[in-house]
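Notes follow the structure.
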Amino acid sequence: MNKETEIKLRISRETLAALREHPLLKKRNKSGWQQRELLNQYFDTPERDLSAAKVALRLRRDGDVVIQTLKSRGKSVAGLSERNEFQWELAKAKLDLKKLDDTCWPAALAELDKKTIKPLFTTDFVREFADIAWGRGKSKVVIEAALDLGTVSAGKQKEEICELELELREGEPEALLELAAELAASLPLFPCDISKAERGYRLLDPTSYHVNLPAPELDAEMSLDDAFAAIAWHLLASSQRLAEQFHHTGHWRLLQDWVQNLGELRALASSLGQAAPRATTRELRNVLDALLEDWRTLVLAGNDDEDVRRAAPEQFADELLDTRWGQFSLDTSRWLLARGWTAERNKRGERQGAAQLANWLSVELGDEAKALQLPLYQQQPEDLAEQLPRIERLLVWLHYARNVLEVPELDRLYGELVKLQHLANQPISDEVLDARVQQAFSVAQCRAWKQLARK
């Protein structure tokens, strides 16, 4: 068994051509570019039991060699994936079910009749690859860079493969992100957390690619630093999957959810006080502000304008032809891995970062609730939009961490604040102003709000 650590980056054909001649890769290329054609047949049952168990089974023809491979999904964080891989060289291009024994076969599929496994789709592509030396101080790092161009085919359905795959051969996984970020500074490429196998399944069933990742599991005693990291990783990974799926389908709801993810990440980044000194989050906040200025504005307009919704997929495709999204994704991944928000903070910041989540959150939500001054906005509802950043900070922590607090009716409070946020984003009219007054009253009457505001 091998452990495979890699990052996949979606690219255009123009970027693929540019990567062959990129100065950074030329300078560190220790093997020269080589090329081979890879023909792959993927297998599953008609009910797709292997996919449900997060397993991929394929036969690959690489020249005269036939290789049977079984892969587990393993773990994936913001495009950087690690998974187990079993390989067997075969004498002929026929699946050998005897290789799929208890040493590799998932326990969840123990009762499966393997004879029901059949060919499902193909991924055929030409791979250009080279070994890249990437120094990290005295540590030796070797990365295989692979440029893949080809097609996923499932019956009559087809999708182009055009991606850069960086796989760790030796060294620390952080090096993959470092190399990818260097390339993304000048070329439009971005993490794409979808395997070639998932592309095939998506052709067979567009709903098989899940954009809703499991929410982070938080508990009352974990540190604020750990909770922040868990939520931020979740939001970044979710935003990458939403971007991939919106680019593929153009469904408006996916763009709305993508913007919401970015908004939550922006609110989270500004919520930590001295645990995250402003200088440590400035770059992240600035890029998020620029993205939200463009895309939140478009989504708010498109919610009431069908022409805006129809034009959005093409505009998003243009966004992906720029370096902004890929550079943001990779730089944020590196920042989270390095826990960049902890840099140069004072002793009080260190204590706050190490504080138990439930204790910190109770104080933070109480301070935000009191500062919101809801009675004022029942009198002056036209000014409610000024409080959107505070409302959004409340919402992101209530969304992901309300389970750690012993406060009644927090679910109801979260729902009422979502409605208040929606109204604060609406253009002012007599009807909207009346609704703001009523909704501010509804929030203020929640038992959870009264308890938090007393803290």
Side-chain angles (χ1 to χ4, degrees), residues 212 215 228 231-232 234-235 238-239 242 252-272 285 288-305 308-309 361 364-403 405 407 409-453:
N212 296 319
F228 172 80
I231 299 171
H234 171 77
L235 289 170
S238 296
S239 70
L242 287 162
W252 179 252
R253 181 66 200 180
L254 296 169
L255 185 64
Q256 291 175 308
D257 290 346
W258 180 70
V259 167
Q260 181 178 335
N261 266 222
L262 298 185
E264 287 187 322
L265 187 54
R266 175 62 178 86
L268 189 73
S270 61
S271 70
L272 297 191
R285 289 183 287 107
L288 281 166
D289 284 343
L291 282 162
L292 289 166
E293 175 66 25
D294 292 341
W295 289 100
R296 180 181 272 165
T297 303
L298 184 145
V299 164
L300 290 172
N303 288 337
D304 299 314
D305 190 330
V308 172
R309 295 196 295 273
L361 189 59
E364 177 66 14
L365 294 183
D367 288 347
E368 293 282 23
K370 284 180 280 191
L372 186 53
Q373 299 182 60
L374 280 179
L376 175 63
Y377 296 99
Q378 290 175 257
Q379 301 299 319
Q380 299 172 240
E382 64 276 8
D383 296 333
L384 182 62
E386 297 173 357
Q387 291 296 325
L388 271 170
R390 177 164 282 113
I391 294 170
E392 288 165 357
R393 289 194 296 271
L394 283 161
L395 281 173
V396 70
W397 283 105
L398 286 173
H399 186 178
Y400 295 103
R402 62 184 183 270
N403 65 295
L405 295 179
V407 176
E409 297 186 357
L410 276 176
D411 288 350
R412 181 189 167 201
L413 175 58
Y414 176 70
E416 297 294 350
L417 278 171
V418 168
K419 295 175 187 175
L420 189 65
Q421 178 197 31
H422 175 74
L423 288 166
N425 275 307
Q426 295 301 302
I428 289 177
S429 67
D430 290 343
E431 183 180 356
V432 167
L433 291 175
D434 288 343
R436 287 181 180 182
V437 171
Q438 293 300 318
Q439 191 56 37
F441 178 79
S442 296
V443 172
Q445 293 306 303
C446 286
R447 290 175 62 200
W449 185 264
K450 291 177 180 179
Q451 183 166 327
L452 288 172

Heavy-atom side-chain contact between N261 and L265 under 4.5 Å: no

Nearest-0.5 Å distance, CZ of residue R266 to CZ of residue R296: 9.5 Å

Least distance between heavy atoms, P381 atom then V437 atom: CG-CG2, 3.6 Å

L413 vs L410 side-chain heavy atoms within contact, under 4.5 Å: yes

Sub-4.5 Å side-chain heavy-atom contact between L255 and W295: yes

R393 and P389, any side-chain heavy atoms less than 4.5 Å apart: yes

Short side-chain to backbone donor-acceptor contact, S270 and A267, under 3.5 Å: yes

Where L372 and R390 come nearest, the two heavy atoms and their spacing: N-CD, 3.7 Å

Atom pair CG/CD of L433 and Q426 - distance to nearest 0.5 Å: 11.5 Å

Side-chain donor or acceptor of R402 paired with backbone N/O of L398 under 3.5 Å: yes

Candidate pair L374 and F441, rule side chain to side chain contact (heavy atoms under 4.5 Å, CB included), full reasoning: CA-CA 8 Å; L374 280 179; F441 178 79; over 6 Å; no

Main-chain N/O of Q439 paired with E416 side-chain donor or acceptor, under 3.5 Å: no

Distance in Å, L365 CG paired with K370 NZ, rounded so as to fall on 0.5 Å steps: 11.5 Å

Backbone of L268 reached by a side-chain donor or acceptor of S271 within 3.5 Å: yes

L394 side chain reached by Y414 side chain, heavy atoms, under 4.5 Å: no

Residue pair W252 / V299: nearest heavy atoms and the distance that separates them: CZ2-O, 3.6 Å

Any donor-acceptor N/O pair, R285 side chain to A269 backbone, under 3.5 Å: no

Separation of Q378 CD from R436 CZ (nearest 0.5 Å): 13.5 Å

CD-CD distance between E409 and Q445, expressed to the nearest 0.5 angstrom: 11.0 Å

Euclidean distance, E368 CD relative to W397 CH2, rounded to 0.5 Å: 11.5 Å

Evaluation steps, side chain to side chain contact (heavy atoms under 4.5 Å, CB included), between H399 and I231: CA-CA 10 Å; H399 186 178; I231 299 171; over 6 Å; no

Closest non-hydrogen atom pair between E293 and T297, with its separation: O-OG1, 2.7 Å

Nearest non-hydrogen partners of A424 and A385, listed with the distance: O-CB, 3.6 Å

Nearest heavy-atom neighbours spanning I428 and E382: CD1-O, 3.7 Å

Verdict with reasoning, Y377 to L420, per side chain to side chain contact (heavy atoms under 4.5 Å, CB included): CA-CA 11 Å; Y377 296 99; L420 189 65; over 6 Å; no

